[in-house]
Amino acid sequence: MTQSVHQGPPVACSIQDLAPRLGVSARTLRFYEERGLIQSSRGRGGARHYDPRSADRAARIVTLRRHGLSLDQIQQVVDAGDAAELINTLKAIRDDQAARLADLQGLIAKLSSQLVDCVQLDRG
């Protein structure tokens with residue numbers, strides 16, 4: 001989904017380093033951690049540090065959020081065990097989104113019809 005966040009040898013990075021690299025706030029990363037989506041270790045003074053695996057996972061989460069997935073959907077995607085489970089999860093999300101789109105298209109059609117009726121009444 002996204003390229004690896006780290007470059008060179010695997011090293012832990014701080015929340016102050018990771019957040020701007022991902023284009024999110026430190027608060028967003030803390031929120032993802034509170035939700036159990038990512039994990040960090042604590043350094044001196046309690047500062048959060050993310051290993052390369054957690055940093056890559058955070059990058060995937062940020063990308064999925066930018067694509068409009070909910071945090072619950074993202075949890076399902078990042079927790080998928082193998083390729084088959086990931087494919088099934090993505091298909092289910094796709095199907096859910098398609099159903100939501102159909103509902104919205106129906107609503108738009110009803111609103112458009114009502115708008116036409118209102119315009120005709122206003123002219124009449």
Side-chain angles (χ1 to χ4, degrees):
M1 279 178 248
T2 77
Q3 292 184 340
S4 178
V5 173
H6 64 276
Q7 297 175 358
V11 294
C13 60
S14 71
I15 195 168
Q16 291 82 12
D17 292 332
L18 184 58
R21 285 171 42 196
L22 298 179
V24 297
S25 67
R27 175 68 191 118
T28 296
L29 292 177
R30 287 191 294 272
F31 177 70
Y32 292 163
E33 192 171 341
E34 290 167 12
R35 290 282 309 250
L37 291 167
I38 58 174
Q39 296 179 349
S40 68
S41 59
R42 300 297 176 123
R44 285 191 220 160
R48 286 176 168 86
H49 292 278
Y50 298 92
D51 64 23
R53 186 170 182 228
S54 290
D56 284 343
R57 184 173 168 117
R60 286 192 307 274
I61 291 164
V62 168
T63 298
L64 292 169
R65 283 294 293 150
R66 288 186 179 139
H67 288 309
L69 272 68
S70 71
L71 291 178
D72 289 336
Q73 291 169 325
I74 290 170
Q75 185 81 55
Q76 294 171 17
V77 170
V78 297
D79 287 347
D82 59 14
E85 186 178 353
L86 177 59
I87 289 168
N88 288 334
T89 299
L90 291 172
K91 284 180 179 179
I93 292 170
R94 179 201 57 201
D95 293 347
D96 181 57
Q97 296 296 80
R100 290 182 64 209
L101 177 59
D103 290 344
L104 285 173
Q105 288 172 329
L107 176 59
I108 289 169
K110 288 177 186 175
L111 291 172
S112 295
S113 176
Q114 289 179 355
L115 181 59
V116 167
D117 292 345
C118 288
V119 169
Q120 289 174 350
L121 285 175
D122 189 46
R123 290 182 181 169

* Give me the other members of the hydrophobic cluster that I87 sits in, counting Ile, Leu, Val, Met, Phe, Trp and Tyr linked by side-chain heavy atoms under 4.5 Å, directly or via other members. => none
* Could you tell me whether the side chain of E33 reaches within less than 4.5 Å of the side chain of Y50, counting heavy atoms only? => yes
* Structure fact -> Separation between CG (L115) and CD (Q120), nearest 0.5 Å, reads 10.0 Å
* Taking atom CG of L37 and atom CZ of F31, what is their separation to the nearest 0.5 Å? -> 8.0 Å
* Asked: How is the hydrophobic cluster of L104 composed, in terms of its other members, when Ile, Leu, Val, Met, Phe, Trp and Tyr link through side-chain heavy atoms under 4.5 Å apart, directly or indirectly?
  -> none
* Asked: To the nearest 0.5 Å, how far apart are CG in L64 and CD1 in I74?
  -> 5.0 Å
* Determine, stepwise, if the pair S40 / H49 fulfils side chain to side chain contact (heavy atoms under 4.5 Å, CB included). => CA-CA 5 Å; S40 68; H49 292 278; 5.9 Å; no
* Asked: So which heavy atom on L18 is nearest to which on C13, and how close?
  -> CB-SG, 3.9 Å
* Mark yes or no for whether T89, through its side chain, and E85, through its backbone, hold a donor-acceptor pair below 3.5 Å. => yes
* **Partners passing salt bridge (charged side-chain N to carboxylate O under 4.0 Å, His left out) against R42 (at least two apart in sequence or in another chain)** => none
* Could you go through the side chain to side chain contact (heavy atoms under 4.5 Å, CB included) check for R30 and R48 one step at a time? => CA-CA 9 Å; R30 287 191 294 272; R48 286 176 168 86; 3.1 Å; yes
* Could you walk me through whether T28 and L22 pass the side chain to side chain contact (heavy atoms under 4.5 Å, CB included) test, one step at a time? => CA-CA 10 Å; T28 296; L22 298 179; over 6 Å; no
* To do: Among residues two or more places apart or on two chains, list those pairs meeting side chain to side chain donor-acceptor pair (under 3.5 Å) that have a residue in residues 66-78.
  => R35-D72, S70-Q73, Q75-D79
* To do: Taking side-chain contact (heavy atoms from CB on, under 4.5 Å) as the test, write out the residues that go with Q114, two or more places apart.
  => L111
* At their closest point, which heavy atom of I38 faces which heavy atom of S54, and how far apart are they? -> CG2-O, 4.2 Å
* Inter- and intrachain pairs under side chain to side chain donor-acceptor pair (under 3.5 Å), touching residues 93-107, at least two apart -> Q97-R100
